[in-house]
2 protein chains.
Amino acid sequence: MSEASGVSEMTVSRVLRGKGDVSEATRLKVQEAAKRLGYVPNKIAGALASSRVNLVAVVIPSLKNMVFPEVLAGVSQTLENSQLQPVVGVTDYLPEKEEKVLFEMLSWRPSGVIVAGLEHSEASRAMLARADCPVVEIMDTDGDPIDACVGISHRRAGRVMAEAILDAGYRRIGFLGTKMPLDHRARKRFEGMTRRLGKAGVEIADQEFYSGGSALAKGREMTEAMLARTPDIDFLYYSNDMIGAGGLLYLLDKGIDIPGRIGLAGFNGVELLDGLPRQLATMDACRREIGERAARIVLARHTGEQAEAEKVELSPTLSLGDTLARR
Amino acid sequence: MSEASGVSEMTVSRVLRGKGDVSEATRLKVQEAAKRLGYVPNKIAGALASSRVNLVAVVIPSLKNMVFPEVLAGVSQTLENSQLQPVVGVTDYLPEKEEKVLFEMLSWRPSGVIVAGLEHSEASRAMLARADCPVVEIMDTDGDPIDACVGISHRRAGRVMAEAILDAGYRRIGFLGTKMPLDHRARKRFEGMTRRLGKAGVEIADQEFYSGGSALAKGREMTEAMLARTPDIDFLYYSNDMIGAGGLLYLLDKGIDIPGRIGLAGFNGVELLDGLPRQLATMDACRREIGERAARIVLARHTGEQAEAEKVELSPTLSLGDTLARR
DNA sequence: CTGAAAGCGCTAACAA
DNA sequence: TTGTTAGCGCTTTCAG
């Protein structure tokens with residue numbers, strides 16, 4: 001590349017990075033040569049020399065349920081016109097895999113790390129604490145962040161939903177969700193809800209958990225199972241909208257009166273719900289905004305600006321839809 | 001790290017990579033020091049020195065519709081126990097963005113590139129052709145691959161569905177899909193279908209396109225619009241299952257006889273469909289398998305094994321569900 | 001089994 | 001405005 005354009009490597013570097021003063025003439029020579037050769041600069045060497053790696057590691061549990069892709073979309077959009085580029089890693093909700101992925105990503109010396117959740121293995125926390133880049137833990141604010149944090153309080157979300165359910169007059173409440181140990185946020189919502197119900201002297205009447213398979217189909221099955229087992233149930237709280245939608249479709253099939261005989265609520269505000277016959281009660285998890293805010297924090301730190309607040313707690317909005325109403 | 005363990009950098013390197021013979025004693029010393037310091041080796045330096053970057057670039061149009069995440073899952077799983085690691089880039093169906101993403105990823109000198117589609121800008125094709133790593137174009141086999149290729153023939157898929165529809169006796173067929181220019185595969189399915197219908201002397205009776213928004217809701221809206229405009233329509237072919245599901249729910253709401261009065265079919269075989277009140281006719285796009293095969297090709301080339309076949313055409317399976325039947 | 005030297009392809013910091 | 005000189009932190013290669 002240097003020979004092809006007849007200037008020093010250094011000048012080539014300056015042109016290609018648009019840094020430093022270069023005469024128009026040499027600039028054109030270099031650009032022409034680059035195009036002609038199909039030259040793609042080696043970022044590895046560049047990164048090593050400058051110790052600048054414009055990558056932001058985004059570590060999330062899964063891509064299978066639309067919530068993380070949306071967070072990602074927020075991150076990508078925010079980073080779009082910056083030097084930074086997101087790189088995603090998926091953990092499948094497995095702490096060991098999270099550890100592996102973090103190690104792998106940190107070994108590339110990223111400019112920032114955005115990682116879902118506040119629960120990590122000892123080793124993961126240590127790695128993140130040592131990483132000399134901003135670390136933003138996202139989704140959840142119930143706990144102690146290593147560095148920065150953007151999310152919502154899932155305990156609070158559970159509590160708020162519990163209040164809405166109680167207010168509407170439901171008393172025989174069932175919970176349907178993912179297997180707990182894997183999903184801390186679902187667990188926290190569950191805890192927030194049960195605690196609030198407990199204060200009102202109400203106990204969860206029944207519960208059912210699943211893992212794997214089509215969420216919509218699981219929602220149907222679990223709903224059927226719970227109704228069979230606990231016929232006097234009058235409210236179903238689903239840990240996500242997808243299984244909630246399945247339950248809704250099932251109950252509609254059966255001709256059950258919603259929200260009279262049974263009320264329903266999910267969690268997330270997935271776009272999918274817009275097309276359902278009834279609007280499921282749900283709570284928006286602010287996914288896109290979480291991604292945006294997290295990316296902005298990384299960006300601000302990276303460009304040396306004042307760091308934003310270390311812990312950003314967003315407020316999810318409750319929407320009652322057609323499935324949660326005073327009886 | 002070298003000082004902390006009291007051995008040469010070289011020996012540290014050997015221990016950490018598990019390459020070369022090192023005595024048990026020094027191995028332990030090094031590992032102990034690494035753990036104590038929370039040492040994370042710098043892959044940038046390693047990659048530069050060894051000119052080995054164990055990253056596989058996976059370039060896809062979107063993460064919003066579950067089809068690419070599934071491809072990705074296939075890739076990840078296949079690469080799981082190898083040295084290689086997938087890194088995803090998203091193009092939003094924009095050729096310019098694809099170009100940018102490819103340039104960016106290639107500048108990291110990946111060990112392989114897996115990219116969706118066979119249609120690329122001139123510049124993108126040139127970059128890929130020059131890249132000295134395996135390049136696997138996926139999803140689609142209707143065209144000329146740069147290097148290797150794994151996918152299905154979408155034209156064929158459209159033709160096969162057309163045959164099933166004709167066989168069942170439908171004649172007033174409407175098409176509902178995404179805006180064409182963006183999605184080459186949807187366009188090819190459309191072409192495959194119209195061509196086959198044309199041979200039978202049948203013309204598409206109506207068509208409707210959308211972009212953006214909740215696919216389920218769009219499916220409802222588009223279906224309603226088409227029925228209003230072309231009341232004698234007797235079959236609706238949707239370019240993806242999500243809008244198909246929306247249409248299905250709409251028609252069910254309206255109490256329309258399916259598949260008697262109107263037949264329906266989608267495309268993709270998304271898991272979601274399992275939970276719907278009726279099974280939508282669809283065609284499996286072999287998404288996971290595509291990811292697996294593509295990853296295997298990269299892996300084989302990387303480990304110097306015999307390259308697999310250059311063009312792998314998978315066979316999607318047609319499932320008629322409850323919405324496409326002889327009338 | 002272990003170490004020393006050279007250099008991967010760039011960029012920071014100077015010099016001209 | 002341009003070029004020169006040193007590395008960046010590892011791994012390759014070759015000697016011990």
Side-chain angles (χ1 to χ4, degrees), chain A residues 1-34 37-55 83 85 103-111 130-133 302 304, chain B residues 1-34 37-55 83 85 103-111 130-133 302 304:
Chain A
M1 185 59 212
S2 183
E3 314 95 67
S5 55
V7 296
S8 75
E9 259 183 52
M10 197 53 237
T11 304
V12 170
S13 170
R14 282 195 267 252
V15 172
L16 265 24
R17 283 178 305 148
K19 286 252 185 186
D21 294 325
V22 181
S23 74
E24 196 54 24
T26 47
R27 175 192 310 289
L28 289 175
K29 262 199 303 195
V30 171
Q31 285 174 334
E32 186 277 327
L37 301 180
Y39 177 72
V40 179
N42 186 330
K43 286 222 177 185
I44 300 179
L48 183 60
S50 65
S51 52
R52 252 189 286 282
V53 179
N54 295 325
L55 261 23
Q83 303 284 5
Q85 235 206 338
F103 184 83
E104 205 69 26
M105 308 212 98
L106 286 175
S107 73
W108 288 101
R109 302 291 187 268
S111 294
R130 293 189 129 78
D132 67 340
C133 66
H302 185 249
Chain B
M1 187 57 215
S2 181
E3 313 94 67
S5 55
V7 296
S8 74
E9 258 182 53
M10 196 53 239
T11 303
V12 171
S13 170
R14 282 195 267 252
V15 172
L16 265 23
R17 283 177 305 147
K19 287 250 185 191
D21 294 326
V22 181
S23 74
E24 197 52 25
T26 48
R27 174 191 313 289
L28 288 174
K29 261 200 303 197
V30 172
Q31 285 173 334
E32 185 277 325
L37 302 180
Y39 176 72
V40 179
N42 186 329
K43 285 223 179 189
I44 299 178
L48 183 60
S50 65
S51 54
R52 253 189 284 281
V53 180
N54 295 325
L55 260 24
Q83 303 284 4
Q85 236 208 335
F103 184 84
E104 204 69 24
M105 308 214 98
L106 285 176
S107 75
W108 288 99
R109 303 290 187 269
S111 295
R130 265 187 221 299
D132 68 340
C133 66
H302 185 249

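In what follows, every chain begins at residue 1, and chains take the letters A, B, ... in the order their sequences are listed. Please read all numbers here as calculations on a predicted model, not as lab measurements.
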Query raised in the report: At their closest point, which heavy atom of A:P110 faces which heavy atom of A:C133, and how far apart are they?
Result: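 Closest heavy-atom pair between A:P110 and A:C133: O-CB, 3.6 Å.
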For the pair made of [atom1] in [X] and [atom2] in [N], what is the distance, rounded to whole Å?
| X | N | atom1 | atom2 | answer |
| --- | --- | --- | --- | --- |
| B:K43 | D:dC10 | NZ | C1' | 13 Å |
| B:N54 | D:dT11 | CG | P | 12 Å |
| B:M10 | D:dG9 | CE | P | 17 Å |
| B:R52 | D:dT11 | CZ | C1' | 9 Å |
| B:N42 | D:dG9 | CG | P | 7 Å |
| A:E9 | D:dG7 | CD | P | 17 Å |

With the side chain counted from C-beta on, respond yes when [X] and [Y] share a heavy-atom pair under 4.5 Å apart, and no when they do not.
| X | Y | value |
| --- | --- | --- |
| B:L55 | B:M105 | no |
| B:R109 | A:K43 | no |
| B:Y39 | B:L16 | yes |
| B:V12 | B:S5 | yes |
| A:W108 | B:V40 | no |

Query raised in the report: How long is the gap from CG on A:L106 to CG on A:D132, to the nearest 0.5 Å?
Result: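 One finds 9.5 Å between CG of A:L106 and CG of A:D132.
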**Report entry** Atom pair OG (B:S13) and CE (B:M10), whose distance is rounded to the nearest 0.5 Å
**Finding:**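 B:S13 OG to B:M10 CE: 4.0 Å, rounded to 0.5 Å.
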Query - Interface limits on DNA chain C, where chain B has a heavy atom under 4.0 Å of a nucleotide atom - result: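 Result: C:dC1 to C:dG9.
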Query raised in the report: Below 4.0 angstrom from OP1 or OP2 of D:dG3, is there any side-chain N or O of A:S8?
Result: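 Answer yes for this pair, as a side-chain N or O of A:S8 is under 4.0 Å from OP1 or OP2.
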Query raised in the report: Would one find a side-chain N or O of B:S51 under 4.0 angstrom from OP1 or OP2 of D:dT11?
Result: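 No.
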Query raised in the report: Bend angle of the helix from C:dC1-D:dG16 to C:dA16-D:dT1 from five-pair axes at both ends, rounded to 10°?
Result: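 Taking the rotation axis at each end, their angle is 30°.
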**Report entry** Given DNA chain D, 5'-ward residue of the pair A:T26 and B:A49, judged by closest heavy atom
**Finding:**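 Its nearest nucleotide being more 5', the pick is A:T26.
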Query raised in the report: By side-chain contact (heavy atoms from CB on, under 4.5 Å), which residues pair with A:E24, not counting sequence neighbours?
Result: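 Only A:R27, A:L28 meet the side-chain contact (heavy atoms from CB on, under 4.5 Å) criterion with A:E24.
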Query - Residue list, side-chain contact (heavy atoms from CB on, under 4.5 Å) with A:T26, at least two apart or on another chain - result: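 In terms of side-chain contact (heavy atoms from CB on, under 4.5 Å), with neighbours along the sequence ignored, A:T26 is linked to A:V7, A:V22, A:S23, A:K29.
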Query raised in the report: Using a heavy-atom distance cut-off of less than 4.0 Å, which residues of residues 12-25 of chain B contact DNA chain D?
Result: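 B:S13, B:R17 - these, ordered by number, are the residues of the stretch whose heavy atoms sit under 4.0 Å from the strand.
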Can I get a per-line list of side-chain donor-acceptor pairs under 3.5 Å for residues 45-54 of chain B, giving both atom names and the distance, sequence neighbours left out?
from, atom 1, to, atom 2, distance (Å)
B:S50, OG, B:G46, O, 2.8
B:S50, OG, B:R52, N, 3.2

Report task. Assign each of B:S50 and A:A47 to its nearest nucleotide of DNA chain C by heavy atoms, then name whichever residue's nucleotide is nearer the 5' end. Result ->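 Closest to the 5' end, via its nearest nucleotide, is B:S50.
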